[in-house]
Amino acid sequence: MVKEEYSKYINEIIELRHYFHQYPELSNEEFNTTKKLKEVLNNWGVTILKTELSTGLLAEIKGLQPGPIIALRADIDALPIEENTDLDFKSTNPKVMHACGHDLHMSSLLGAIYFFKDHQNLIKGTIKFLFQPAEEAGGGSNQVLAKKVLNGVQAIIGFHNNPNLPIGTIALQQGPMMAGCYKFDITIKGRGSHGAKPEKGHDPIITLATIVSSLQTIVSRNIDPQDAVVVSVTHVSAGTVWNVIPNEATLGGTVRLFNLKNTAVVKQHLTEIANNIAKAYEQEVNIIWDERTLPIANDSELTQAVIDNLSIKVNKPILSMAGEDFATYQKKIPGVFAFIGSNGSPTAADWHDPKFVGLDETIPIGIQYFVESALGLLQHLSNK
(Lines give C-alpha, C1' and ligand atoms only; values in the text may rest on other atoms or scores of the structure.)
Protein backbone atom coordinates (compact mmCIF):
# COMPACT_ATOMS: atom_id res chain seq x y z
CA MET A 1 0.00 0.00 0.00
CA VAL A 2 2.79 2.43 0.87
CA LYS A 3 4.39 2.21 -2.59
CA GLU A 4 1.07 2.73 -4.35
CA GLU A 5 0.27 5.77 -2.24
CA TYR A 6 3.55 7.64 -2.35
CA SER A 7 3.84 7.22 -6.11
CA LYS A 8 1.04 9.82 -6.33
CA TYR A 9 3.08 12.57 -4.72
CA ILE A 10 6.72 11.52 -5.11
CA ASN A 11 7.40 14.15 -7.78
CA GLU A 12 6.36 16.90 -5.38
CA ILE A 13 8.66 15.49 -2.71
CA ILE A 14 11.58 15.29 -5.16
CA GLU A 15 11.02 18.92 -6.14
CA LEU A 16 11.23 19.85 -2.46
CA ARG A 17 14.46 17.88 -2.18
CA HIS A 18 15.91 19.88 -5.07
CA TYR A 19 14.89 23.12 -3.35
CA PHE A 20 16.60 22.14 -0.09
CA HIS A 21 19.71 21.10 -1.98
CA GLN A 22 19.87 24.40 -3.84
CA TYR A 23 19.51 26.47 -0.69
CA PRO A 24 21.53 24.72 2.03
CA GLU A 25 22.18 26.32 5.40
CA LEU A 26 24.79 25.66 8.07
CA SER A 27 24.15 24.35 11.58
CA ASN A 28 22.01 26.67 13.71
CA GLU A 29 21.47 28.91 10.67
CA GLU A 30 18.69 26.88 9.06
CA PHE A 31 16.18 29.74 9.19
CA ASN A 32 15.00 29.62 5.57
CA THR A 33 14.97 25.82 5.63
CA THR A 34 12.72 25.93 8.69
CA LYS A 35 10.53 28.56 7.06
CA LYS A 36 10.11 26.38 3.96
CA LEU A 37 9.28 23.31 6.03
CA LYS A 38 6.64 25.25 7.96
CA GLU A 39 5.17 26.59 4.74
CA VAL A 40 4.86 23.08 3.29
CA LEU A 41 3.37 21.56 6.43
CA ASN A 42 0.90 24.42 6.87
CA ASN A 43 -0.23 23.97 3.26
CA TRP A 44 -0.78 20.30 3.96
CA GLY A 45 -2.78 21.03 7.11
CA VAL A 46 -0.28 19.28 9.40
CA THR A 47 -0.05 20.38 13.04
CA ILE A 48 3.22 22.11 13.93
CA LEU A 49 3.88 22.07 17.66
CA LYS A 50 5.32 25.03 19.52
CA THR A 51 8.90 24.57 20.72
CA GLU A 52 11.72 26.79 21.94
CA LEU A 53 14.01 25.72 19.08
CA SER A 54 15.52 28.60 17.10
CA THR A 55 15.67 26.45 13.96
CA GLY A 56 14.09 23.14 13.10
CA LEU A 57 10.59 22.13 14.11
CA LEU A 58 8.33 19.44 15.50
CA ALA A 59 5.12 18.35 13.77
CA GLU A 60 2.52 15.85 14.90
CA ILE A 61 -0.18 13.57 13.52
CA LYS A 62 -2.52 11.84 15.94
CA GLY A 63 -4.19 8.60 15.05
CA LEU A 64 -7.89 7.94 15.33
CA GLN A 65 -7.18 5.59 18.24
CA PRO A 66 -5.12 6.27 21.38
CA GLY A 67 -1.78 4.55 21.81
CA PRO A 68 1.98 5.04 22.12
CA ILE A 69 3.86 8.18 21.11
CA ILE A 70 6.83 7.76 18.79
CA ALA A 71 9.05 10.17 16.84
CA LEU A 72 10.59 10.12 13.37
CA ARG A 73 13.69 12.30 13.00
CA ALA A 74 15.53 13.94 10.10
CA ASP A 75 18.46 16.37 10.32
CA ILE A 76 18.33 19.56 8.24
CA ASP A 77 21.74 21.28 8.25
CA ALA A 78 24.45 21.42 5.57
CA LEU A 79 28.25 21.66 5.56
CA PRO A 80 30.77 24.47 4.89
CA ILE A 81 31.85 22.89 1.59
CA GLU A 82 31.90 24.31 -1.95
CA GLU A 83 29.85 21.96 -4.14
CA ASN A 84 31.65 20.42 -7.11
CA THR A 85 28.97 18.41 -8.91
CA ASP A 86 27.10 18.67 -12.22
CA LEU A 87 23.64 18.53 -10.64
CA ASP A 88 21.03 20.81 -12.21
CA PHE A 89 19.97 21.71 -8.68
CA LYS A 90 23.44 22.23 -7.19
CA SER A 91 23.91 24.62 -4.28
CA THR A 92 23.45 28.31 -4.95
CA ASN A 93 24.95 29.27 -1.59
CA PRO A 94 28.73 29.75 -1.89
CA LYS A 95 30.77 27.34 0.22
CA VAL A 96 27.68 25.65 1.65
CA MET A 97 26.53 22.22 0.48
CA HIS A 98 24.33 19.30 1.49
CA ALA A 99 27.40 17.08 1.24
CA CYS A 100 25.99 14.59 3.73
CA GLY A 101 22.56 14.18 2.16
CA HIS A 102 20.40 15.73 4.85
CA ASP A 103 18.19 17.04 2.04
CA LEU A 104 17.35 13.38 1.33
CA HIS A 105 16.48 12.85 5.00
CA MET A 106 14.18 15.89 5.14
CA SER A 107 12.43 14.90 1.93
CA SER A 108 11.87 11.33 3.06
CA LEU A 109 10.36 12.55 6.32
CA LEU A 110 8.08 14.94 4.41
CA GLY A 111 6.97 12.00 2.28
CA ALA A 112 6.13 10.01 5.40
CA ILE A 113 4.15 12.95 6.77
CA TYR A 114 2.21 13.21 3.50
CA PHE A 115 1.37 9.52 3.71
CA PHE A 116 0.26 9.61 7.33
CA LYS A 117 -1.89 12.74 6.95
CA ASP A 118 -3.99 10.74 4.49
CA HIS A 119 -3.90 7.54 6.57
CA GLN A 120 -4.57 8.58 10.14
CA ASN A 121 -6.71 5.47 10.42
CA LEU A 122 -3.49 3.38 10.36
CA ILE A 123 -2.02 5.19 13.37
CA LYS A 124 -2.75 3.70 16.79
CA GLY A 125 -1.26 6.47 18.88
CA THR A 126 0.69 9.58 17.93
CA ILE A 127 3.61 10.18 15.57
CA LYS A 128 5.82 13.22 16.06
CA PHE A 129 8.06 14.40 13.22
CA LEU A 130 11.31 16.06 14.25
CA PHE A 131 13.30 18.18 11.80
CA GLN A 132 16.48 18.58 13.84
CA PRO A 133 18.99 21.42 13.47
CA ALA A 134 22.76 21.34 13.88
CA GLU A 135 23.69 17.69 13.52
CA GLU A 136 26.93 18.54 11.73
CA ALA A 137 28.24 21.11 14.20
CA GLY A 138 27.14 18.94 17.09
CA GLY A 139 24.73 19.94 19.78
CA GLY A 140 21.51 19.78 17.79
CA SER A 141 20.19 16.72 19.58
CA ASN A 142 21.27 18.19 22.91
CA GLN A 143 19.25 21.33 22.10
CA VAL A 144 16.20 19.19 21.36
CA LEU A 145 16.46 17.29 24.63
CA ALA A 146 17.34 20.35 26.72
CA LYS A 147 14.24 22.14 25.45
CA LYS A 148 12.10 19.09 26.20
CA VAL A 149 10.90 18.80 22.61
CA LEU A 150 10.55 15.02 22.82
CA ASN A 151 9.00 14.70 26.26
CA GLY A 152 6.64 11.73 26.34
CA VAL A 153 8.12 10.04 23.27
CA GLN A 154 8.53 6.28 23.83
CA ALA A 155 10.66 5.39 20.79
CA ILE A 156 12.51 7.24 18.03
CA ILE A 157 13.39 6.28 14.44
CA GLY A 158 16.04 7.71 12.14
CA PHE A 159 18.26 6.86 9.19
CA HIS A 160 21.28 8.10 7.29
CA ASN A 161 21.70 7.76 3.56
CA ASN A 162 24.83 5.86 2.54
CA PRO A 163 26.36 6.52 -0.92
CA ASN A 164 28.37 3.31 -0.67
CA LEU A 165 25.15 1.26 -0.78
CA PRO A 166 23.00 0.84 -3.91
CA ILE A 167 19.50 2.25 -4.23
CA GLY A 168 16.91 -0.04 -2.63
CA THR A 169 19.23 -1.17 0.18
CA ILE A 170 18.36 -0.90 3.85
CA ALA A 171 21.10 -1.93 6.29
CA LEU A 172 20.05 -2.41 9.89
CA GLN A 173 20.87 -4.52 12.93
CA GLN A 174 20.44 -4.76 16.66
CA GLY A 175 23.26 -3.06 18.55
CA PRO A 176 26.07 -0.92 17.07
CA MET A 177 25.71 1.04 13.82
CA MET A 178 27.95 4.12 14.01
CA ALA A 179 30.92 5.02 16.18
CA GLY A 180 31.16 7.39 19.07
CA CYS A 181 33.09 10.50 18.07
CA TYR A 182 35.46 12.31 20.42
CA LYS A 183 37.69 15.32 19.78
CA PHE A 184 40.93 16.05 21.61
CA ASP A 185 43.25 19.05 21.63
CA ILE A 186 46.64 19.15 23.37
CA THR A 187 48.60 22.34 23.97
CA ILE A 188 52.25 21.86 24.92
CA LYS A 189 53.81 24.69 26.92
CA GLY A 190 57.58 24.79 26.55
CA ARG A 191 60.13 27.58 26.51
CA GLY A 192 61.29 29.14 23.30
CA SER A 193 64.85 29.88 22.28
CA HIS A 194 66.98 30.70 19.28
CA GLY A 195 67.20 27.80 16.87
CA ALA A 196 70.97 27.86 17.24
CA LYS A 197 70.71 27.63 21.05
CA PRO A 198 68.24 24.81 21.81
CA GLU A 199 69.89 24.20 25.19
CA LYS A 200 68.50 27.57 26.34
CA GLY A 201 64.89 26.43 26.04
CA HIS A 202 62.54 23.46 26.28
CA ASP A 203 61.57 22.55 22.73
CA PRO A 204 57.80 21.80 22.48
CA ILE A 205 58.21 20.49 18.93
CA ILE A 206 60.24 17.52 20.18
CA THR A 207 57.53 16.89 22.76
CA LEU A 208 54.82 17.13 20.10
CA ALA A 209 56.56 14.63 17.83
CA THR A 210 57.05 12.16 20.68
CA ILE A 211 53.41 12.45 21.79
CA VAL A 212 52.12 11.93 18.23
CA SER A 213 54.18 8.78 17.86
CA SER A 214 53.27 7.44 21.28
CA LEU A 215 49.52 7.96 20.87
CA GLN A 216 49.57 5.22 18.24
CA THR A 217 50.31 2.68 20.98
CA ILE A 218 47.02 3.33 22.77
CA VAL A 219 45.02 1.04 20.49
CA SER A 220 47.75 -1.49 19.65
CA ARG A 221 48.72 -2.14 23.28
CA ASN A 222 45.63 -1.40 25.36
CA ILE A 223 42.53 -2.32 23.34
CA ASP A 224 41.18 -5.80 22.60
CA PRO A 225 42.12 -6.49 18.96
CA GLN A 226 38.52 -7.54 18.31
CA ASP A 227 37.26 -4.06 19.24
CA ALA A 228 37.26 -1.33 16.58
CA VAL A 229 38.97 1.80 17.91
CA VAL A 230 40.70 4.58 15.97
CA VAL A 231 42.96 7.31 17.35
CA SER A 232 43.93 9.83 14.67
CA VAL A 233 46.04 12.96 15.02
CA THR A 234 44.65 15.28 12.36
CA HIS A 235 46.42 18.60 12.92
CA VAL A 236 49.65 19.91 14.42
CA SER A 237 50.95 23.45 14.77
CA ALA A 238 54.17 24.99 16.08
CA GLY A 239 56.25 28.04 15.38
CA THR A 240 56.12 30.88 12.86
CA VAL A 241 59.80 31.72 12.25
CA TRP A 242 62.46 29.53 10.65
CA ASN A 243 65.17 30.19 13.23
CA VAL A 244 63.19 30.33 16.48
CA ILE A 245 62.07 27.43 18.66
CA PRO A 246 58.54 28.39 19.82
CA ASN A 247 57.09 28.55 23.29
CA GLU A 248 54.09 26.38 22.41
CA ALA A 249 53.00 23.58 20.10
CA THR A 250 49.55 22.14 19.60
CA LEU A 251 48.07 18.96 18.22
CA GLY A 252 44.59 17.57 17.98
CA GLY A 253 42.53 14.84 16.47
CA THR A 254 39.70 12.40 16.90
CA VAL A 255 38.89 9.09 18.60
CA ARG A 256 36.27 6.73 17.19
CA LEU A 257 34.92 3.64 18.93
CA PHE A 258 31.81 1.51 19.40
CA ASN A 259 32.16 0.15 22.94
CA LEU A 260 31.82 2.78 25.65
CA LYS A 261 34.12 0.84 28.02
CA ASN A 262 36.99 1.78 25.69
CA THR A 263 36.28 5.51 26.03
CA ALA A 264 37.75 5.66 29.52
CA VAL A 265 40.73 3.52 28.47
CA VAL A 266 41.64 5.76 25.54
CA LYS A 267 41.12 8.99 27.48
CA GLN A 268 43.21 7.77 30.41
CA HIS A 269 46.15 6.65 28.27
CA LEU A 270 46.03 9.74 26.07
CA THR A 271 46.18 11.93 29.18
CA GLU A 272 48.98 9.93 30.81
CA ILE A 273 51.08 9.79 27.64
CA ALA A 274 50.85 13.53 27.01
CA ASN A 275 51.51 14.51 30.63
CA ASN A 276 54.37 12.09 31.20
CA ILE A 277 56.19 12.93 27.97
CA ALA A 278 55.84 16.62 28.66
CA LYS A 279 57.16 16.13 32.18
CA ALA A 280 60.17 14.23 30.86
CA TYR A 281 61.00 17.25 28.69
CA GLU A 282 60.35 19.71 31.55
CA GLN A 283 57.16 21.02 29.98
CA GLU A 284 53.42 21.09 30.68
CA VAL A 285 50.36 20.20 28.65
CA ASN A 286 46.76 21.32 28.62
CA ILE A 287 44.33 18.68 27.33
CA ILE A 288 40.77 19.26 26.14
CA TRP A 289 38.60 16.16 25.63
CA ASP A 290 35.27 16.80 23.89
CA GLU A 291 32.51 14.21 23.50
CA ARG A 292 30.92 15.01 20.14
CA THR A 293 28.63 12.01 19.65
CA LEU A 294 28.10 8.72 21.45
CA PRO A 295 28.07 5.39 19.60
CA ILE A 296 24.76 4.56 17.95
CA ALA A 297 23.46 1.31 19.39
CA ASN A 298 20.01 0.12 18.31
CA ASP A 299 17.54 -1.18 20.84
CA SER A 300 17.32 -4.93 20.25
CA GLU A 301 13.58 -5.38 20.80
CA LEU A 302 12.50 -2.35 18.79
CA THR A 303 14.92 -3.13 15.97
CA GLN A 304 13.45 -6.58 15.57
CA ALA A 305 9.95 -5.08 15.48
CA VAL A 306 11.07 -2.74 12.67
CA ILE A 307 12.78 -5.50 10.71
CA ASP A 308 9.69 -7.71 11.01
CA ASN A 309 7.48 -4.98 9.54
CA LEU A 310 9.72 -3.87 6.65
CA SER A 311 8.69 -5.17 3.23
CA ILE A 312 12.19 -4.48 1.88
CA LYS A 313 14.96 -6.99 2.52
CA VAL A 314 17.19 -5.86 5.37
CA ASN A 315 20.95 -6.23 4.98
CA LYS A 316 23.58 -6.50 7.68
CA PRO A 317 25.40 -3.16 7.89
CA ILE A 318 29.09 -2.47 7.70
CA LEU A 319 29.74 -0.46 10.83
CA SER A 320 30.68 3.16 10.19
CA MET A 321 33.44 5.01 12.03
CA ALA A 322 31.61 8.26 11.29
CA GLY A 323 29.63 9.85 14.12
CA GLU A 324 25.96 10.90 14.26
CA ASP A 325 24.19 12.65 17.11
CA PHE A 326 21.13 10.40 16.89
CA ALA A 327 22.97 8.48 19.61
CA THR A 328 22.19 11.31 22.04
CA TYR A 329 18.49 10.49 21.80
CA GLN A 330 19.19 6.83 22.45
CA LYS A 331 20.58 7.73 25.89
CA LYS A 332 17.05 8.84 26.85
CA ILE A 333 14.71 7.16 24.36
CA PRO A 334 14.96 3.66 22.84
CA GLY A 335 15.74 4.10 19.16
CA VAL A 336 16.30 2.44 15.79
CA PHE A 337 18.69 3.82 13.17
CA ALA A 338 19.37 2.45 9.68
CA PHE A 339 21.50 3.08 6.61
CA ILE A 340 19.68 3.54 3.29
CA GLY A 341 21.57 3.24 0.01
CA SER A 342 21.79 6.55 -1.87
CA ASN A 343 24.12 5.79 -4.79
CA GLY A 344 26.16 2.59 -4.95
CA SER A 345 28.44 3.50 -7.84
CA PRO A 346 32.01 2.22 -7.31
CA THR A 347 33.22 5.78 -7.89
CA ALA A 348 30.58 7.50 -5.72
CA ALA A 349 31.98 10.22 -3.48
CA ASP A 350 31.51 9.66 0.23
CA TRP A 351 29.97 11.89 2.87
CA HIS A 352 31.50 15.37 3.28
CA ASP A 353 33.02 15.30 -0.20
CA PRO A 354 32.47 18.25 -2.63
CA LYS A 355 31.48 15.67 -5.27
CA PHE A 356 28.93 13.88 -3.06
CA VAL A 357 25.78 12.95 -4.98
CA GLY A 358 22.80 11.32 -3.29
CA LEU A 359 20.29 10.15 -5.90
CA ASP A 360 16.60 11.11 -5.92
CA GLU A 361 15.73 7.41 -6.07
CA THR A 362 16.76 7.20 -2.41
CA ILE A 363 13.64 9.07 -1.33
CA PRO A 364 10.94 6.43 -1.99
CA ILE A 365 12.95 3.92 0.05
CA GLY A 366 13.38 6.51 2.80
CA ILE A 367 9.65 7.14 2.89
CA GLN A 368 8.88 3.45 3.00
CA TYR A 369 11.39 2.90 5.80
CA PHE A 370 9.87 5.69 7.91
CA VAL A 371 6.27 4.58 7.31
CA GLU A 372 6.72 0.85 7.83
CA SER A 373 9.08 1.30 10.79
CA ALA A 374 6.62 3.65 12.49
CA LEU A 375 3.70 1.30 12.01
CA GLY A 376 5.76 -1.63 13.25
CA LEU A 377 6.83 0.18 16.40
CA LEU A 378 3.34 1.47 17.18
CA GLN A 379 1.97 -2.05 16.91
CA HIS A 380 4.81 -3.48 19.00
CA LEU A 381 4.47 -0.89 21.76
CA SER A 382 0.67 -1.26 21.80
CA ASN A 383 1.03 -4.99 22.39
CA LYS A 384 3.41 -4.63 25.34
Side-chain angles (χ1 to χ4, degrees), residues 2-24 33 37 40 72-79 81 83 85-91 97-115 129-132 135-136 157-172 177-178 296 306 310-318 320 322 324 326 336-374:
V2 179
K3 280 186 179 180
E4 295 172 0
E5 288 296 323
Y6 67 54
S7 64
K8 300 175 184 177
Y9 56 84
I10 193 63
N11 289 337
E12 180 181 352
I13 300 299
I14 289 173
E15 286 179 12
L16 287 168
R17 183 266 165 130
H18 291 181
Y19 173 89
F20 293 127
H21 193 91
Q22 281 185 292
Y23 303 104
T33 301
L37 288 167
V40 171
L72 309 184
R73 172 268 198 176
D75 35 17
I76 68 174
D77 54 331
L79 286 155
I81 293 173
E83 182 163 357
T85 72
D86 296 324
L87 294 175
D88 294 338
F89 51 92
K90 68 187 298 183
S91 173
M97 176 192 177
H98 271 299
C100 210
H102 294 183
D103 51 328
L104 295 171
H105 305 167
M106 280 188 277
S107 306
S108 297
L109 189 54
L110 285 172
I113 292 172
Y114 200 108
F115 176 87
F129 305 91
L130 172 63
F131 291 89
Q132 180 207 304
E135 189 278 329
E136 296 293 358
I157 299 167
F159 82 85
H160 204 295
N161 79 91
N162 190 328
N164 302 296
L165 300 177
I167 299 297
T169 303
I170 294 180
L172 173 62
M177 290 288 294
M178 298 184 77
I296 288 181
V306 166
L310 285 172
S311 60
I312 302 173
K313 179 186 175 183
V314 174
N315 296 270
K316 185 176 179 61
I318 296 175
S320 172
E324 226 279 6
F326 186 85
V336 181
F337 193 84
F339 291 131
I340 294 181
S342 60
N343 195 305
S345 167
T347 59
D350 216 328
W351 300 315
H352 295 213
D353 189 301
K355 294 182 180 292
F356 173 88
V357 174
L359 301 177
D360 287 339
E361 289 81 2
T362 309
I363 297 170
I365 307 301
I367 296 171
Q368 193 167 354
Y369 165 76
F370 271 137
V371 169
E372 293 181 351
S373 296

A.B. asks: Partners of K316 by side-chain hydrogen bond (donor to acceptor under 3.5 Å, both in side chains), sequence neighbours excluded?
C.D. replies: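 Scan of K316 (side-chain hydrogen bond (donor to acceptor under 3.5 Å, both in side chains), adjacent residues dropped) gives Q173.
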A.B. asks: Using modelled atom types and a 3.5 Å cut-off, is there a donor and acceptor pairing between side-chain atoms of Y369 and backbone atoms of G158?
C.D. replies: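 Checking the backbone N and O of G158 against the side chain of Y369, a donor-acceptor pair under 3.5 Å is found.
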A.B. asks: Quick check for you: to the nearest 0.5 Å, what is the distance between E15 atom CD and D360 atom CG?
C.D. replies: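 E15 CD to D360 CG: 10.5 Å, rounded to 0.5 Å.
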A.B. asks: How far apart are the closest heavy atoms of S108 and G366, and which atoms are they?
C.D. replies: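 Smallest heavy-atom distance, with atoms named: OG-CA, 3.6 Å.
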A.B. asks: For F356 and G101, work out which heavy atoms get closest and say how close.
C.D. replies: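 Closest heavy-atom pair between F356 and G101: CE2-N, 3.6 Å.
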A.B. asks: Excluding sequence neighbours, so at least two apart, what forms side chain to side chain contact (heavy atoms under 4.5 Å, CB included) with I167?
C.D. replies: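 In terms of side chain to side chain contact (heavy atoms under 4.5 Å, CB included), with neighbours along the sequence ignored, I167 is linked to L359, E361, T362.
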A.B. asks: Are any side-chain N or O atoms of E372 and backbone N or O atoms of S311, one a donor and one an acceptor, separated by less than 3.5 Å?
C.D. replies: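 Yes: the side chain of E372 pairs with the backbone of S311.
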A.B. asks: Might you confirm whether atom CD1 of I318 has over 12 heavy atoms from other residues, nucleotides or ligands at distances under 6.0 Å?
C.D. replies: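 No, the 6.0 Å shell around CD1 holds no more than 12 heavy atoms from other groups.
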A.B. asks: May I ask you to decide if V357's main-chain N or O and N343's side chain share a donor-acceptor pair within less than 3.5 Å?
C.D. replies: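 Judged by distance alone, yes, a pair lies under 3.5 Å.
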A.B. asks: Roughly how far, to the nearest 0.5 Å, is CG of L165 from CD1 of I365?
C.D. replies: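 With rounding to 0.5 Å, CD1 (I365) is 12.5 Å from CG (L165).
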A.B. asks: Which heavy-atom pair separates A348 from P163 by the least distance, and what is that distance?
C.D. replies: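 Closest heavy-atom pair between A348 and P163: CB-O, 3.8 Å.
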A.B. asks: List the residues meeting side chain to side chain contact (heavy atoms under 4.5 Å, CB included) with E136, not counting sequence neighbours, and say none if there are none.
C.D. replies: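 Testing E136 for side chain to side chain contact (heavy atoms under 4.5 Å, CB included), a comparison that skips the adjacent residues, returns S27, D77, L79, C100, H102, H352.
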A.B. asks: Tell me the closest heavy-atom pair linking L72 and A374, and the distance in Å.
C.D. replies: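 For L72 versus A374, the nearest heavy atoms are CD2-CB, 4.0 Å.
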A.B. asks: To the nearest 0.5 Å, what is the distance between CG (N164) and OG1 (T169)?
C.D. replies: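 Those atoms lie 11.0 Å apart.
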A.B. asks: Could you give me the CA-CA distance, side-chain angles and deciding distance for L110 and F20, then say whether side chain to side chain contact (heavy atoms under 4.5 Å, CB included) is met?
C.D. replies: CA-CA 12 Å; L110 285 172; F20 293 127; 3.8 Å; yes
A.B. asks: On the 0 to 90° scale, with breaks at 30° and 60°, tag the H21-H98 ring pair as parallel, tilted or perpendicular.
C.D. replies: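 H21 and H98: tilted rings.
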A.B. asks: Going through the checks in order, is the side chain to side chain contact (heavy atoms under 4.5 Å, CB included) test met by R73 and F337?
C.D. replies: CA-CA 10 Å; R73 172 268 198 176; F337 193 84; 4.0 Å; yes
A.B. asks: Out of curiosity, I81 CD1 to W351 CH2, how far, rounded to the nearest 0.5 Å?
C.D. replies: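 These two atoms lie 13.5 Å from each other.
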A.B. asks: Does the side chain to side chain contact (heavy atoms under 4.5 Å, CB included) test come out yes or no for F370 and I113, once each step is laid out?
C.D. replies: CA-CA 9 Å; F370 271 137; I113 292 172; over 6 Å; no
A.B. asks: Could you give the distance from CD (Q368) to CD1 (I312), rounded to the nearest 0.5 Å?
C.D. replies: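 CD1 of I312 is found 3.5 Å from CD of Q368.
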A.B. asks: In Å and rounded to the nearest 0.5 Å, what is the NZ to CG distance from K355 to D350?
C.D. replies: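 Output value for this atom pair is 14.5 Å.
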A.B. asks: For the residue pair D75 and H160, confirm or rule out a side-chain donor-acceptor distance under 3.5 Å.
C.D. replies: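 No donor-acceptor contact under 3.5 Å links the two side chains.
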A.B. asks: Of the non-hydrogen atoms in L310 and S373, which two are nearest, and what is the gap between them?
C.D. replies: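 Heavy atoms of L310 and S373 come nearest at CD2-OG, 3.9 Å.
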A.B. asks: Can you see which heavy atom on I10 is nearest to which on P364, and at what distance?
C.D. replies: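 Nearest pair, atom of I10 first, then P364: CD1-CG, 3.9 Å.
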A.B. asks: So, does E83 use its side chain to make a donor-acceptor pair with the main chain of T85 at under 3.5 Å?
C.D. replies: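 No, the answer is negative, given that no donor and acceptor are paired below the 3.5 Å cut-off.
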A.B. asks: Measure up the H105 and F159 rings against each other and bin them: parallel (under 30°), tilted (30 to 60°), perpendicular (over 60°).
C.D. replies: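 The rings of H105 and F159 stand perpendicular, inter-plane angle above 60°.
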A.B. asks: Would L104 and I340 satisfy side chain to side chain contact (heavy atoms under 4.5 Å, CB included), going step by step from the backbone distance to the final call?
C.D. replies: CA-CA 10 Å; L104 295 171; I340 294 181; over 6 Å; no
A.B. asks: Can you confirm if the aromatic rings of F115 and Y9 lie within a centre distance of less than 6.0 Å?
C.D. replies: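 No, the ring centres sit 6.0 Å or more apart.
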A.B. asks: Would a 4.5 Å heavy-atom cut-off, applied to side chains only, mark M178 and F339 as touching?
C.D. replies: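 Counting from C-beta outward, M178 and F339 do come under 4.5 Å.
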